[in-house]
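Below: one structure, written as structure tokens.
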Amino acid sequence: MTRGIDLQAGYSKIVRLGAGKIYAGGTTLANHDCKTVKVAVIVERAKKDDDHWKYYDSWEAEDENTDRIMSNRAMVGEGDYYYRVRCYHSANDDVSSSFTDGVYIEEL
């Protein structure tokens with residue numbers, strides 16, 4: 001994890017809520033109040049035997065004059081896929097990224 005003068009840490013999160021449902025998001029923490037703090041959340045999915053993760057959904061959140069931002073969503077996901085989250089974090093000009101392992105979502 002890259003750390004800088006402004007950026008302290010960034011985290012990605014994914015939780016299986018049950019058949020066809022996930023909770024995904026990310027958090028960015030700064031060392032102090034910054035002009036801008038951002039998190040970009042990217043949800044990807046793959047079948048069991050796939051070699052590559054494919055884009056599923058994404059969103060961004062930004063706040064000003066703060067030391068943290070968090071953005072999470074409950075989502076419906078097609079069953080029989082693994083899902084993961086990648087996030088890009090920034091505090092002023094410091095940038096880093098994070099990602100989760102995949103979680104399997106069974107069919108409804």
Side-chain angles (χ1 to χ4, degrees):
M1 179 182 311
T2 304
R3 293 191 176 112
I5 294 169
D6 299 318
L7 182 62
Q8 180 181 18
Y11 304 97
S12 296
K13 178 179 186 172
I14 190 164
V15 176
R16 185 175 64 84
L17 296 177
K21 296 181 183 177
I22 57 174
Y23 184 75
T27 301
T28 301
L29 302 174
N31 287 317
H32 52 83
D33 284 355
C34 293
K35 182 177 178 184
T36 59
V37 179
K38 301 177 188 178
V39 62
V41 182
I42 303 163
V43 181
E44 299 173 315
R45 72 181 187 177
K47 289 282 191 176
K48 181 178 182 179
D49 296 324
D50 284 350
D51 291 336
H52 297 84
W53 292 91
K54 295 180 177 82
Y55 173 88
Y56 184 71
D57 197 3
S58 66
W59 65 91
E60 297 179 7
E62 177 180 348
D63 205 355
E64 297 178 348
N65 301 316
T66 187
D67 67 348
R68 69 191 64 214
I69 190 157
M70 178 175 32
S71 184
N72 302 289
R73 291 185 183 170
M75 305 173 66
V76 174
E78 193 176 336
D80 197 31
Y81 279 92
Y82 287 87
Y83 289 82
R84 77 172 182 184
V85 171
R86 285 189 303 124
C87 290
Y88 293 97
H89 312 277
S90 67
N92 292 334
D93 292 330
D94 288 347
V95 179
S96 185
S97 63
S98 64
F99 63 93
T100 67
D101 289 333
V103 296
Y104 181 73
I105 303 300
E106 64 274 1
E107 295 190 54
L108 293 173

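Rounded to the nearest 0.5 angstrom, Asp80 CG and Lys48 NZ are separated by 10.0 Å. With rounding to the nearest 0.5 Å, the separation of OH in Tyr55 from CG in Asp57 is 5.0 Å. Atom-to-atom distance recorded for Glu78:CD and Tyr83:OH is 6.0 Å, nearest 0.5 angstrom.
Taking the side chain as every heavy atom from C-beta outward, Lys38 and Glu60 never approach each other to under 4.5 Å. Side-chain contact check for Trp59 versus Val43: some heavy-atom pair is nearer than 4.5 Å. Between Leu29 and Tyr11 the shortest side-chain heavy-atom distance falls below 4.5 Å. When side chains are defined from C-beta on, Val37 does not count as touching Asp63, because their heavy atoms never get closer than 4.5 Å.
Annotation for Ala74 and Leu17: closest pair CB-CD1, 4.3 Å, computed over non-hydrogen atoms. Of all heavy-atom pairs between Ala61 and Ile69, the closest is C-CD1, 3.5 Å. Taking all atoms of both residues into account, the shortest heavy-atom contact from Arg73 to Ser58 is NH1-O, 4.4 Å. The nearest pair of heavy atoms linking Val95 to Leu7 is C-CD2, 3.9 Å. Across Ser98 and Gly10, no two heavy atoms sit closer than the pair CB-O, 3.8 Å. Among all heavy-atom pairs drawn from Cys34 and Asp6, the shortest one is SG-CB, 3.9 Å.
Taking the ring axis of Tyr56 as reference, the NZ or CZ atom of Arg45 does not stay both within 45° of it and closer than 6.0 Å to the ring centre.
Residue Ile22 is not grouped with residue Tyr82 when hydrophobic side chains (ILVMFWY) are merged at heavy-atom distances under 4.5 angstrom, including chains of intermediate members. Residue Val39 is grouped with residue Met75 when hydrophobic side chains (ILVMFWY) are merged at heavy-atom distances under 4.5 angstrom, including chains of intermediate members. Under the 4.5 Å side-chain heavy-atom criterion for Ile, Leu, Val, Met, Phe, Trp and Tyr, Val15 and Val76 are members of distinct hydrophobic clusters.
In the displayed structure, Lys47 atom NZ is contacted under 6.0 Å by more than 12 heavy atoms of other residues, nucleotides or ligands. The neighbour count for Asp50 CG, taken as heavy atoms of other residues, nucleotides or ligands under 6.0 Å away, is above 12. Within 6.0 Å of the CD atom in Glu62, the count of heavy atoms belonging to other residues, nucleotides or ligands exceeds 12.
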Worksheet item: Between Arg68 and Gln8, does a side-chain contact (heavy atoms from CB on, under 4.5 Å) hold up when you go through it step by step?
Response: CA-CA 10 Å; Arg68 69 191 64 214; Gln8 180 181 18; over 6 Å; no
Practice prompt. List the steps, then state whether side-chain contact (heavy atoms from CB on, under 4.5 Å) holds for Ile5 with Asn31.
Written response: CA-CA 7 Å; Ile5 294 169; Asn31 287 317; 5.9 Å; no
Worksheet entry | side-chain contact (heavy atoms from CB on, under 4.5 Å) between Arg86 and Ser97, worked out | CA-CA 7 Å; Arg86 285 189 303 124; Ser97 63; over 6 Å; no
Item to complete: Please lay out, stage by stage, how Tyr88 and Ile42 fare under the test side-chain contact (heavy atoms from CB on, under 4.5 Å).
Response: CA-CA 9 Å; Tyr88 293 97; Ile42 303 163; 3.6 Å; yes
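Remark: side-chain polar atoms of Asn72 are not paired, donor with acceptor, to backbone N or O of Tyr23 under 3.5 angstrom. For Thr100 (side chain) and Val85 (main-chain N/O), a donor-acceptor pair under 3.5 Å exists by modelled atom type.
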